[in-house]
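Data block below; observations after.
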Number of protein chains: 2
Amino acid sequence: MAGRDLLPGQRVTRQRRLLLNIIRGGGGHLDADEIYRRARDLDPRVSLSTVYRNLSLFSRLGLIEERHFDDAHHHYEARTSSEHYHMRCVSCGKVIEFESNLTEHIKEDAARHTGFKVTGGEFHLVGYCRECAPKS
Amino acid sequence: MAGRDLLPGQRVTRQRRLLLNIIRGGGGHLDADEIYRRARDLDPRVSLSTVYRNLSLFSRLGLIEERHFDDAHHHYEARTSSEHYHMRCVSCGKVIEFESNLTEHIKEDAARHTGFKVTGGEFHLVGYCRECAPKS
DNA sequence: TTATATGCAAAGACTTTGCCGTTCA
DNA sequence: TGAACGGCAAAGTCTTTGCATATAA
């Protein structure tokens, strides 16, 4: 984590650097507990509350995004330049990403229908992956 | 709730009838606690665990659907014939529905890209509603 | 009658917070 | 040095579960 990610008055700490590296390199879709376990493996001096506090900070700063699949808990991923969406297998739980240039059109559609000024969105599709489809 | 909604061995109870009526008439997007409060107003002999147990049952039977906005808790709505999607105001929290025929195309797109057999999806857009946009 | 459902209270999973010692700038 | 941060444990919120009683069929 570089200083430029933070606002004045906020510090670059060992924990923050570590957590952001894990999220950015983690292949996306990590939950708080997974981030915590990976952080501990690299540095046992990290607590779960620090994980939550910093996930919340990173989120507010726009460095990461919080995703809501239908588990009880949240997943986090680094914010990247390219928008992408998620497809989850209801059988094995695997999540993969996809992109579609139609999503922009949906946003326009929705803005026209609802009068909203659209700022973002989540598109979560579910189904059966190639491995699980035959069993279903 | 009519008997035809249930499977053999499942009973039509006072509570189930009441809860399903609330969800079906509730304008959609109720959370468990709101359903509980409305149920209590109509019949104080209803417990929160009954609400959760039956939301889970209705969900398994496909009578209702569980939605995951970015609150900590879930929202439920009656399953209807027409698919629709949600737009939420990040400022006041209002949720309204929209339809778009593009969603079918996105599903096809995604299926082609990922190899999944797509069975459903949630499209949640966020932004500012007509009332809140000027303030933002 | 009897298996299913409910009510209550306790437990569980995930997340947030208070307090105080630590650390970055 | 001092304001921001982290660690720990306790508290909070939403949801699930165990068990004894009530009830639909």
Side-chain angles (χ1 to χ4, degrees), chain A residues 1-23 29-61 63-76 93, chain B residues 1-23 29-40 42-61 63-64 66-76 93:
Chain A
M1 141 172 257
R4 66 172 186 286
D5 290 328
L6 294 177
L7 300 173
Q10 290 172 330
R11 294 174 181 172
V12 176
T13 62
R14 175 170 42 81
Q15 291 91 334
R16 287 182 177 170
R17 228 183 324 251
L18 176 60
L19 293 172
L20 204 51
N21 279 340
I22 288 171
I23 299 166
H29 318 132
L30 304 177
D31 63 21
D33 200 60
E34 178 64 28
I35 293 168
Y36 174 54
R37 272 182 274 116
R38 294 190 187 189
R40 283 211 122 167
D41 287 350
L42 297 169
D43 179 350
R45 294 172 300 170
V46 172
S47 78
L48 186 55
S49 52
T50 295
V51 171
Y52 277 111
R53 271 194 277 241
N54 283 313
L55 287 175
S56 160
L57 173 69
F58 297 161
S59 225
R60 262 180 287 129
L61 293 175
L63 302 177
I64 64 173
E65 300 200 39
E66 204 177 293
R67 296 293 176 189
H68 311 89
F69 304 136
D70 61 1
D71 307 292
H73 50 284
H74 303 158
H75 291 248
Y76 300 86
Chain B
M1 144 172 254
R4 67 173 187 286
D5 290 328
L6 294 177
L7 300 173
Q10 289 173 330
R11 293 175 180 172
V12 177
T13 63
R14 176 169 42 82
Q15 291 90 334
R16 287 183 177 170
R17 228 182 322 250
L18 176 60
L19 293 172
L20 205 49
N21 279 339
I22 288 171
I23 299 166
H29 317 133
L30 304 177
D31 63 21
D33 200 60
E34 178 62 28
I35 293 168
Y36 174 54
R37 271 182 275 117
R38 294 191 187 187
R40 282 211 123 168
L42 296 170
D43 179 350
R45 294 172 300 170
V46 173
S47 77
L48 185 55
S49 52
T50 295
V51 172
Y52 277 110
R53 271 193 279 240
N54 284 314
L55 287 175
S56 160
L57 174 69
F58 297 161
S59 224
R60 263 179 287 129
L61 293 174
L63 303 178
I64 64 174
E66 204 177 294
R67 297 292 174 190
H68 310 90
F69 304 136
D70 62 0
D71 307 293
H73 50 283
H74 304 158
H75 291 249
Y76 301 85

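Labels below follow one simple rule: chain letters A, B, ... track the order of the sequence lines, proteins then strands, and each chain is numbered from 1. As a basis for the values below, the full set of heavy atoms in this structure was taken, side chains included, without hydrogen atoms, waters or symmetry mates.
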side-chain contact (heavy atoms from CB on, under 4.5 Å) between A:L57 and A:R16, intermediate numbers included
CA-CA 10 Å; A:L57 173 69; A:R16 287 182 177 170; 3.5 Å; yes
Sole residue of A:L19, A:L55, A:I22, A:L63 in side-chain contact (heavy atoms from CB on, under 4.5 Å) with A:Y76:
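Answer after filtering A:L19, A:L55, A:I22, A:L63: A:L55.
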Check the distance between C:dC14's P and A:L55's CG and give it to me in whole angstrom.
14 Å
Quick one: A:H74 NE2 to C:dA13 P, roughly how many Å, whole number?
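Distance, rounded to whole Å: 17 Å.
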Mind running side-chain contact (heavy atoms from CB on, under 4.5 Å) on B:D5 and B:L20 for me, showing each step along the way?
CA-CA 10 Å; B:D5 290 328; B:L20 205 49; 4.0 Å; yes
Outermost nucleotides of DNA chain D that come under 4.0 Å of a non-hydrogen atom of chain A
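With heavy atoms of chain A under 4.0 Å away, the range is D:dG2 to D:dA9.
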Run the side-chain hydrogen bond (donor to acceptor under 3.5 Å, both in side chains) check on A:H73 and A:D31 step by step: do they pass?
CA-CA 7 Å; A:H73 50 284; A:D31 63 21; 3.0 Å; yes
Please determine whether side-chain contact (heavy atoms from CB on, under 4.5 Å) holds for the pair B:L30 and B:H75, giving the CA-CA distance in whole Å, both sets of side-chain angles, and the decisive distance to 0.1 Å.
CA-CA 5 Å; B:L30 304 177; B:H75 291 249; over 6 Å; no
When you check the side-chain N and O atoms of B:S47 and B:T50, is any donor under 3.5 Å from an acceptor?
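Result is yes, a qualifying pair exists.
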Going by an N to O cut-off under 4.0 Å, is there a salt bridge joining A:R37 and A:D41?
no
Taking protein heavy atoms under 4.0 Å as touching, what does nucleotides 5-11 of chain C look like 5' to 3' if B marks base contact, S marks sugar-phosphate-only contact and - marks none?
SBBBB--
Hey, is the main chain of A:R45 close enough, under 3.5 Å, to the side chain of A:R40 for a donor-acceptor pair?
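Such a contact is absent between A:R40 side chain and A:R45 backbone.
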